[in-house]
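The structure displayed is predicted, hence computed values, not measured ones.
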Amino acid sequence: MTASISATQQRICDKFGLPAQAPEPMVALAIGSLDQSPIYGTRIELPENGTISWFIHCGQHDDASGFYQPLHAEHLQEMLPQVLDYLALPSGAKFILDREGYEDVWLEGQE
């Protein structure tokens, strides 16, 4: 089942001049980092037979195994609602948000 793109998600894509791409129902979230800031999101090209293209963490990234946990995107509503409007950004997109309203969105290779 593919998620639909909300009007707010479409507006975010339009604002940054990027095509909207419906998000998968699963994301990878660094649950242990949720009390930190800022919030980082990276969308990779969905691997063949893969189910997750979004990787989201807060604060410092950690390469440790188990840093990210697979999670149904609907749980973001309670855990990290700030990111929901950005999930329709296309593969290769990254975002940084803080809890004071800062946002930056770009495509990999266009930093």
Side-chain angles (χ1 to χ4, degrees):
M1 175 190 132
T2 306
S4 60
I5 297 170
S6 74
T8 311
Q9 288 173 331
Q10 185 65 56
R11 275 198 302 278
I12 293 282
C13 292
D14 293 347
K15 175 179 178 178
F16 292 98
L18 298 171
Q21 179 182 334
E24 294 80 33
M26 297 288 289
V27 299
L29 182 65
I31 294 172
S33 73
L34 294 183
D35 59 340
Q36 299 172 44
S37 193
I39 302 165
Y40 296 93
T42 301
R43 189 169 196 180
I44 63 168
E45 197 68 48
L46 188 66
E48 190 173 340
N49 300 320
T51 57
I52 294 175
S53 65
W54 272 112
F55 291 81
I56 301 165
H57 72 278
C58 304
Q60 199 64 41
H61 183 267
D62 189 336
D63 289 326
S65 167
F67 181 64
Y68 291 106
Q69 292 83 40
L71 186 78
H72 282 278
E74 64 214 31
H75 295 299
L76 291 171
Q77 187 67 52
E78 302 93 54
M79 300 177 82
L80 203 61
Q82 302 92 318
V83 305
L84 291 172
D85 294 343
Y86 297 84
L87 295 184
L89 291 167
S91 298
K94 295 184 174 212
F95 66 77
I96 300 175
L97 309 172
D98 73 13
R99 298 170 205 278
E100 286 78 54
Y102 173 84
E103 74 172 353
D104 192 13
V105 172
W106 69 97
L107 276 183
E108 186 85 62
Q110 293 183 349
E111 288 95 305

*Without swapping roles, check the side chain of Asp14 against the backbone of Gly17 for a donor-acceptor pair under 3.5 Å.*
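No.
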*asked:* When you measure from the side chain of Ser33 to the backbone of Cys58, do you find a donor-acceptor pair of N or O atoms at a distance under 3.5 Å?
replied: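 Side chain of Ser33 to backbone of Cys58, a donor-acceptor pair under 3.5 Å: yes, one is there.
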Please find the pair of heavy atoms, one from [X] and one from [Y], that lie closest to each other, and give the distance.
X	Y	result
Arg43	Pro23	NH2-CA, 3.4 Å
Pro38	Tyr40	CG-OH, 3.5 Å
Gln36	Gln60	OE1-N, 3.4 Å
Asp98	Gly101	OD1-N, 3.0 Å
Val27	Ala73	CG1-CB, 4.1 Å

[atom2] on [Y] to [atom1] on [X], rounded to 0.5 Å:
X	Y	atom1	atom2	value
Ile56	Leu87	CD1	CG	5.5 Å
Ser4	Gln9	OG	CD	7.5 Å
Leu46	Thr51	CG	OG1	7.5 Å
Leu34	Met79	CG	CE	5.5 Å
Tyr102	Ile39	OH	CD1	13.0 Å
Ile52	Gln69	CD1	CD	10.5 Å

*asked:* I need the full list of side chain to side chain donor-acceptor pair (under 3.5 Å) pairs touching residues 71-90, with sequence neighbours left out, sorted by first then second residue.
replied: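 Matches after skipping sequence neighbours: Tyr86-Glu103.
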*Only one of Phe16, Trp54, Trp106 passes ring pair (Phe, Tyr, Trp, His ring centres under 6.0 Å) with Phe95; say which it is.*
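That would be Trp54; it is the only one of Phe16, Trp54, Trp106 passing the ring pair (Phe, Tyr, Trp, His ring centres under 6.0 Å) with Phe95.
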Is there a chain of hydrophobic side chains (I, L, V, M, F, W, Y, each step under 4.5 Å between heavy atoms) that links [X] to [Y]?
X	Y	value
Val105	Ile44	no
Phe55	Leu107	no
Tyr68	Leu71	no

*Do the non-hydrogen side-chain atoms of Cys13 and Leu89 ever get within less than 4.5 Å of each other?*
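Cys13 reaches Leu89 side chain to side chain.
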*Name all pairs fulfilling the salt bridge (Lys or Arg N to Asp or Glu O under 4.0 Å) condition that reach into residues 47-65, sequence neighbours left out, sorted by first residue then second.*
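Qualifying pairs: none.
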*Between His57 and Phe67, does the ring centroid distance fall short of 6.0 Å?*
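Here the rings of Phe67 and His57 have centres that are less than 6.0 Å from each other.
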*Taking salt bridge (charged side-chain N to carboxylate O under 4.0 Å, His left out) as the test, write out the residues that go with Glu45, two or more places apart.*
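So Glu45 forms no salt bridge (charged side-chain N to carboxylate O under 4.0 Å, His left out) with any residue.
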